[in-house]
Protein chains: 2
Amino acid sequence: MSLRHGLLGLLADGPASGYDLLRRFDNSLVNVWPASQSQLSPELNKLARDGRVEVVEEGGRHRKTYGITEAGRAELRHWLVEVPPVRAPRSEALLRVFFLRTLDPDEARGYLRKEAAAYRGWLDHLEQLRDELPWSDSGFDRFGRIALESGIRTAAALIEWAEWAEHETEHRPAGP
Amino acid sequence: MSLRHGLLGLLADGPASGYDLLRRFDNSLVNVWPASQSQLSPELNKLARDGRVEVVEEGGRHRKTYGITEAGRAELRHWLVEVPPVRAPRSEALLRVFFLRTLDPDEARGYLRKEAAAYRGWLDHLEQLRDELPWSDSGFDRFGRIALESGIRTAAALIEWAEWAEHETEHRPAGP
DNA sequence: GTGGTCATGTAATACGTTACATGATTTC
DNA sequence: GAAATCATGTAACGTATTACATGACCAC
């Protein structure tokens, strides 16, 4: 139900159309919760049926501007305060690590080296966002920066891990 | 397709039934790729249809023991070496951070404090695994330990982040 | 013979991705 | 008037979760 609450959270900032919301997702939330246009459409209709949002304006080009309702704010708040986050740290990249034993040591090291490079690219990207985005003092930007910092620290830790892991697989014969 | 390759990777270690594989998932892979019994059943049949595994033994209690085929090993290898991992770092916990601005500062700090505690619990769990598991020198255990280390370092980074973030939201009036 | 564990399978539901369909408005 | 952009919606497909169904074998 995270998409649902993502939409409510964005609408808590002010009314928007599905199209606007898609861009907000792509600008700010894409690194933590990507969403596609074809998901927003039905989800917004569902939120409207449930009374969590309402159409506050209908413009040209079929545009429907949605606003959050009191019931929507209550649900958002309830989700944030009462519902414990699901931690489902599925990681395909890490799953592969378990199976590196089926490769030659050189190939395994190659995989870890590529991992390190990929995390470095991700870190560069996030640091660029941090340094180049026009951060305001608004609550949205403040917490956006805090979320970004989480990604930066995680990426940094994973770079070090991948380099350590590559080194760890060197100079050691495989066991039975 | 990670479940598929997770099964192939486990079978690369030796033949097993779906039931055995479920336990292997729950023992070793659960932290990176949880799987349920009802997923394994159809996936193993599909792998058998595709010639990636084969039934090498049928025992009592409907038990079917699967072994990986050459085609299965080839697919596993191809996946590991050629297919770049999907990095889909969806994080519900981090999504919430964006919306903490809709709460009172005290409540927002409470959320971050709970996050820190949750990550600490996760770290404790992983360190306990590291210290208590009977690690052998086998390739499986070596890379399992390397994967575990990734979780430990990530958890440590996230604890520090959550504590930093909690402090960051103190002593500052919210902007517009 | 009863309860526990081994063992596989199906069905309903939910969520996410990709691709496609449709049409209005603006810009050149 | 053609192309780009705005704007919403549907359909097909793949995958994950939960719950349920079925039955064999073992230990007591």
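Values below: all heavy atoms of this structure, side chains included; hydrogens, waters and symmetry mates excluded. Here is the naming used below: chain letters follow the sequence lines, and residue numbers restart at 1 for every chain.
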(message) Regarding dT17(D), can its base be found pairing with the side chain of S38(B) as donor and acceptor, where the two atoms are less than 3.5 Å apart?
(response) no
(request) Identify which nucleotide among dA16(D), dA7(C), dG9(C) has an atom closest to any side-chain atom of Y66(B), counting heavy atoms from C-beta outward. (result) dG9(C)
(request) From the options dG16(C), dT5(C), dA7(D), select the nucleotide whose nearest atom is closest to the side chain of W33(A). (result) dG16(C)
(message) If only side-chain N and O atoms count, and only distance matters, is there a donor-acceptor pair under 3.5 Å linking E107(A) with Y111(A)?
(response) no
(request) Would you mind reading off the distance between E58(B) atom CD and dC6(C) atom C1', rounded to a whole angstrom? (result) 16 Å
(message) Counting the atoms with a prime plus P, OP1 and OP2 as sugar-phosphate, which does S17(A) contact under 4.0 Å by heavy atoms, base, sugar-phosphate, or nothing?
(response) sugar-phosphate
(message) Between the side chains of R153(A) and E149(A), is the shortest nitrogen-to-carboxylate-oxygen separation below 4.0 Å, so that they form an ion pair?
(response) yes
(message) Can you measure Y19(B) atom OH to dG23(D) atom C1' for me and round it to whole angstrom units?
(response) 14 Å
(message) Taking the minimum atom-to-atom distance to the side chain of R90(A), which one of dT17(D), dT8(D), dT10(C) wins?
(response) dT17(D)
(request) Take atom CZ of R77(A) as the centre, draw a 6.0 Å sphere, and report whether it contains more than 12 heavy atoms from other residues, nucleotides or ligands. (result) no
(request) Take D20(A) and G60(B), find for each the nucleotide of DNA chain D with the closest heavy atom, and name the residue whose nucleotide sits nearer the 5' end. (result) D20(A)
(message) Any base atoms under 4.0 Å from R4(B), or only sugar-phosphate, or nothing? Heavy atoms, all strands.
(response) nothing
(message) Can you identify which nucleotide, out of dT8(C), dT18(D), dT10(D), has its nearest atom closest to the S36(B) side chain?
(response) dT18(D)
(request) Rounded off to whole Å, could you give me the NZ-to-P distance for the K64(A) and dT8(D) pair? (result) 7 Å
(request) Look at Q37(A) and dT8(D) and indicate whether a side-chain polar atom (N or O) is within less than 4.0 Å of OP1 or OP2. (result) no
(request) Mind telling me whether W79(A) and H5(A) have parallel, tilted or perpendicular rings, with 30° and 60° as the class edges? (result) parallel
(request) Rounded to the nearest angstrom, tell me the gap between atom CG in L44(A) and atom P in dA7(D). (result) 14 Å
(message) Rounded to whole Å, how long is the line connecting atom CZ of R61(A) with atom C1' of dA24(C)?
(response) 7 Å
